[in-house]
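Structure, as structure tokens:
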Amino acid sequence: MFVCLLLSGKFITIFVSDMKLPLSFYQRQNVVKIAQELLGKVLCTNFDGSITSGMIVETEAYSDRERGCHAFRGRTERNKVMFETGGISYVYLCYGIHHLFNVVTNEKEKADAVLIRALQPMKGEEIMMERMGVRSVKRITSGPGKLSKALGIDRSCNGKQLTSDDIWIENGNQKIMKKDFVARRRIGIDYAGRDALLPWRFSIKSSDWVSR
DNA sequence: TACGTGATCACG
DNA sequence: GTGATCACGTAA
């Protein structure tokens, strides 16, 4: 989408869907709202000259004030990047196999994050299929472990700024409104007690690309 | 439903 | 040091 701005008496035209989200997007306080707003945005990577990307169709919010969050019990070696200023990635290894990609939000010392759970592939489908060892794009990014593998994200991305040229998030051209997504409880955090019931998982209604 | 997989965390 | 645990994915 092209957008025309009047700035200092001159018209400027910009291509909005190619715009990286600014750090200020991530540095706001309300992680639940940010998780909702990330729906429809486009997660992109560029490793070894291979660009891959996908539209975010499922997210989960984590706040350091509830038991589902890795940072609930304070800073550890694993979660320390969550305590940095928002706008960087938090990537950790889950079950010894899967690299899970999170967006760190909020200001420094407020350790909130959004887990990206599923994408609709956009660019570089061939590269994603090669990385996954499959011949079809079907469900190739429908889960947090799978999308990281498809986009080439591993723990070497931990703590990277999301305005970098390796990994970033673009505005996209989908505007996802409240009526376009559903909120459900988050997956796989039974240890969180009643915080596991918070409806902080968001997915785009009618998307074929959400996790199972 | 069952389990691979290895880093991490809390314990001492 | 050590053992239990784990924000998943696949096969069955």
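A, B, ... follow the sequence lines: proteins, then strands. Residue 1 opens every chain. It should be emphasised that the depicted structure is a prediction, and the values quoted were computed from it without experimental measurement.
In this structure, A:Ser203 and A:Arg184 approach most closely via the heavy-atom pair OG-NH1, 3.5 Å.
Residue contacts for A:Leu100: at a heavy-atom cut-off of 4.0 Å it reaches the sugar-phosphate backbone alone, with no base atom in range. Across all strands shown, A:Arg212 has no heavy atoms under 4.0 Å from either base or sugar-phosphate atoms.
Of the nucleotides present, none pairs with C:dA7 by Watson-Crick or G-U wobble criteria with both distances under 3.5 Å. A 3.5 Å limit on both hydrogen-bonding distances identifies no Watson-Crick or G-U partner for B:dT5.
Taking atom CD of residue A:Glu58 and atom C1' of nucleotide C:dC8, one finds them 13 Å apart after rounding to whole Å. Rounded to a whole Å, the CD atom of A:Glu66 is 12 Å from the P atom of C:dA7. If you take NZ of A:Lys138 and P of C:dT10, they are 13 Å apart, rounded to a whole angstrom. To the nearest angstrom, C1' of C:dC8 lies 14 Å from CZ of A:Arg201. A:Arg67 places its CZ atom 14 Å from the P atom of C:dA7, with the value rounded to the nearest Å. Spacing between atom CE of A:Met82 and atom C1' of C:dA7 amounts to 10 Å, rounded to whole angstrom units.
Under the 4.0 Å criterion applied to side-chain N and carboxylate O atoms, A:Glu170 and A:Lys41 are not assigned as salt-bridge partners.
A side-chain contact (heavy atoms from CB on, under 4.5 Å) with A:Phe202 is found for exactly one of A:Val182, A:Val114, A:Val32, A:Ile176, namely A:Val32. The one candidate from A:His99, A:Met132, A:Met128 that meets the side-chain contact (heavy atoms from CB on, under 4.5 Å) condition with A:Lys149 is A:Met132. Screening A:Thr163, A:Asp165, A:Asn171 against A:Lys20 for a side chain to side chain donor-acceptor pair (under 3.5 Å) leaves a single residue, A:Asp165.
The side chain of A:Lys146 contributes an N or O atom lying less than 4.0 Å from OP1 or OP2 of C:dT10.
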Where protein sits on nucleotides 1-12 of chain B, one letter per nucleotide: B base, S sugar-phosphate only, - none, heavy atoms under 4.0 Å: ---BBBSSSS--
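For the 3.5 Å distance criterion, the side chains of A:Asp48 and A:Ser50 fail to qualify, holding no donor opposite an acceptor.
Qualifying side-chain contact (heavy atoms from CB on, under 4.5 Å) partners for A:Pro22, counting only residues two or more places apart in sequence or in other chains: A:Ser24, A:Phe25.
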